[in-house]
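By convention in this document, chain letters (A, B, ...) are assigned in the order of the sequence lines, proteins followed by strands, and residues within each chain are numbered from 1. Because the structure is predicted, anything quoted here is derived from the model rather than measured.
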Number of protein chains: 2
Amino acid sequence: MGVKVIVMCKKKAVILLSGGLDSATCLAIAQSQGFECYALSFDYGQRHRCELASARKIAAAAGVTRHIIMPMDMRQWGGSALTDDNLAVPTAEESANCIPITYVPARNLVFLAVASAWAEAIDCRDIFIGVNSVDYSGYPDCREEFIRSFEKTANLGTRAADEDWKFTIHTPLQHWNKAEIIREGCRLGVDYSLTVSCYNPDSNGRACGICPSCALRKKGFEDAGVKDVTLYQ
Amino acid sequence: MGVKVIVMCKKKAVILLSGGLDSATCLAIAQSQGFECYALSFDYGQRHRCELASARKIAAAAGVTRHIIMPMDMRQWGGSALTDDNLAVPTAEESANCIPITYVPARNLVFLAVASAWAEAIDCRDIFIGVNSVDYSGYPDCREEFIRSFEKTANLGTRAADEDWKFTIHTPLQHWNKAEIIREGCRLGVDYSLTVSCYNPDSNGRACGICPSCALRKKGFEDAGVKDVTLYQ
């Protein structure tokens with residue numbers, strides 16, 4: 001009689017990691033579901049580039065298998081307050097009820113496409129993105145309809161079309177409000193002091209407290225009844 | 001009576017320009033249709049990186065408004081003979097009847113996503129890509145079904161979703177064979193000596209003559225009855 005050795009391989013997942021609160025929670029959720037995590041961030045010329053330092057810390061704290069920060073200079077064409085210094089970041093009130101000027105053209109389309117490329121190359125079928133449509137920013141690339149359409153497109157434009165597998169785009173935060181996201185993150189041990197959400201931080205990475213992203217985050221901590229560990233200016 | 005001044009603004013188009021025969025033809029077609037052209041190439045770690053020198057020459061000869069070569073290092077994950085030197089480029093015979101090892105994971109998905117980002121930022125609604133499904137390489141990301149699904153996705157994940165416009169992904173070469181492409185290019189004055197198709201060129205940019213891409217190109221010139229201006233090793 002021999003000894004039976006069972007090697008359990010974790011399923012891989014690529015996680016889009018911005019350095020913000022949502023994607024840090026998304027990474028923790030993927031890990032709690034047993035995925036071996038590959039984190040992907042973008043140096044796209046964002047005004048709040050300090051979020052990349054946060055992404056590095058979050059990835060290291062989570063012990064991801066690999067973290068890639070992909071350069072992708074979207075300042076070459078601008079079109080957003082986050083990628084063009086001539087466009088000011090509005091306050092939360094100024095950006096209500098329309099697609100705000102902080103929307104970056106086709107950002108999640110690009111991020112998901114690159115995530116699909118990496119995933120396909122390493123035989124990974126699962127991609128996590130922390131989009132959310134409750135505390136809604138007004139960004140078209142955070143909507144469920146777009147995500148499901150992207151998933152279908154990725155499954156048509158890759159080996160998935162001819163082989164016996166499919167990509168799944170996981171959006172665990174899609175229907176949660178910010179307080180629910182923060183509560184789940186706390187339950188999973190996310191250290192939110194490592195994350196940064198502000199669109200307009202100072203040179204020390206301290207948050208402005210008034211941009212739309214700061215406003216959403218502040219309210220989230222309040223509603224969750226969790227101490228806000230954000231460093232404000 | 002006053003003098004009526006009519007300023008005709010050309011419609012803009014973003015053209016994916018690899019440096020090969022198909023995309024050079026695609027650019028000429030877009031120009032012949034009256035578009036003001038913005039060319040987009042990718043330095044993605046391709047084995048045949050010399051195609052970027054060709055892309056530069058083609059863009060300059062066509063007098064495009066702007067040419068961006070975007071770095072996007074797909075060697076970080078490989079998964080293709082074009083982005084991993086440990087995988088050999090097969091001959092045309094070896095790569096028939098399956099998705100060949102020269103397929104680059106999700107390449108056209110990434111290229112179209114970035115083209116959409118640039119297009120959206122400059123109020124451009126038209127994107128041209130030289131995919132082709134007759135002299136068919138077996139690449140899933142060249143199929144019409146993928147392109148139409150991408151178009152739908154881009155229109156859901158950008159301002160197009162909320163505003164009164166839509167992206168159109170133009171694929172003028174989709175149903176032409178290589179000889180038809182070459183004949184149309186010659187009619188439009190494309191200088192094919194500027195283009196390079198080989199997956200495995202030598203250090204002087206001379207084509208191998210035996211890779212699947214060389215085989216398709218050679219046959220195209222023969223069938224079109226046009227002198228093959230390719231420089232072979």
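Both the backbone and the side chain of A154(B) have a heavy atom closer than 4.5 Å to some heavy atom of chain A. In this structure, no portion of R148(B) lies under 4.5 Å from any heavy atom of chain A. Only the side chain of R66(A) has a heavy atom closer than 4.5 Å to any heavy atom of chain B.
Interface check for chain A: of the options W77(B), Y103(B), F146(B), the most heavy-atom pairs under 4.5 Å are formed by W77(B). Between chain A and the residues Q76(B), E163(B), M74(B), E145(B), the most heavy-atom pairs under 4.5 angstrom are made by Q76(B). Chosen from K152(B), R159(B), M72(B), M70(B), the residue pairing most often with chain A at heavy-atom distances under 4.5 Å is R159(B). The candidate with the highest count of non-hydrogen atom pairs below 4.5 Å against chain B, out of F111(A), F150(A), W118(A), is W118(A). For the set D141(A), L112(A), T158(A), the entry with the most heavy-atom pairs within less than 4.5 Å of chain B is T158(A). The candidate with the highest count of non-hydrogen atom pairs below 4.5 Å against chain B, out of I68(A), I122(A), N108(A), is I68(A). Of the residues considered (G157(B), G79(B), A113(B), A106(B)), G157(B) shows the highest number of contacts with chain A, using heavy-atom pairs under 4.5 Å.
A59(A) approaches L17(A) most closely through the heavy-atom pair CB-CD2, 3.9 Å.
One N or O on the side chain of S54(A) and one on the backbone of L194(A) form a donor-acceptor pair closer than 3.5 Å.
T195(A) and R217(A) share a donor-acceptor pair across their side chains, judged by distance under 3.5 Å alone. There is no side-chain donor-acceptor pair under 3.5 Å between H175(A) and E180(A).
Taking a cutoff of 4.0 Å between a charged side-chain nitrogen and a carboxylate oxygen, R49(B) and D43(B) qualify as a salt bridge. Between R125(A) and D123(A), at least one side-chain N (NZ, or NE/NH1/NH2) sits under 4.0 Å from a carboxylate O, which counts as a salt bridge.
When D84(A), D85(A), T83(A) are each tested for a side-chain hydrogen bond (donor to acceptor under 3.5 Å, both in side chains) with R75(A), only one passes: D85(A).
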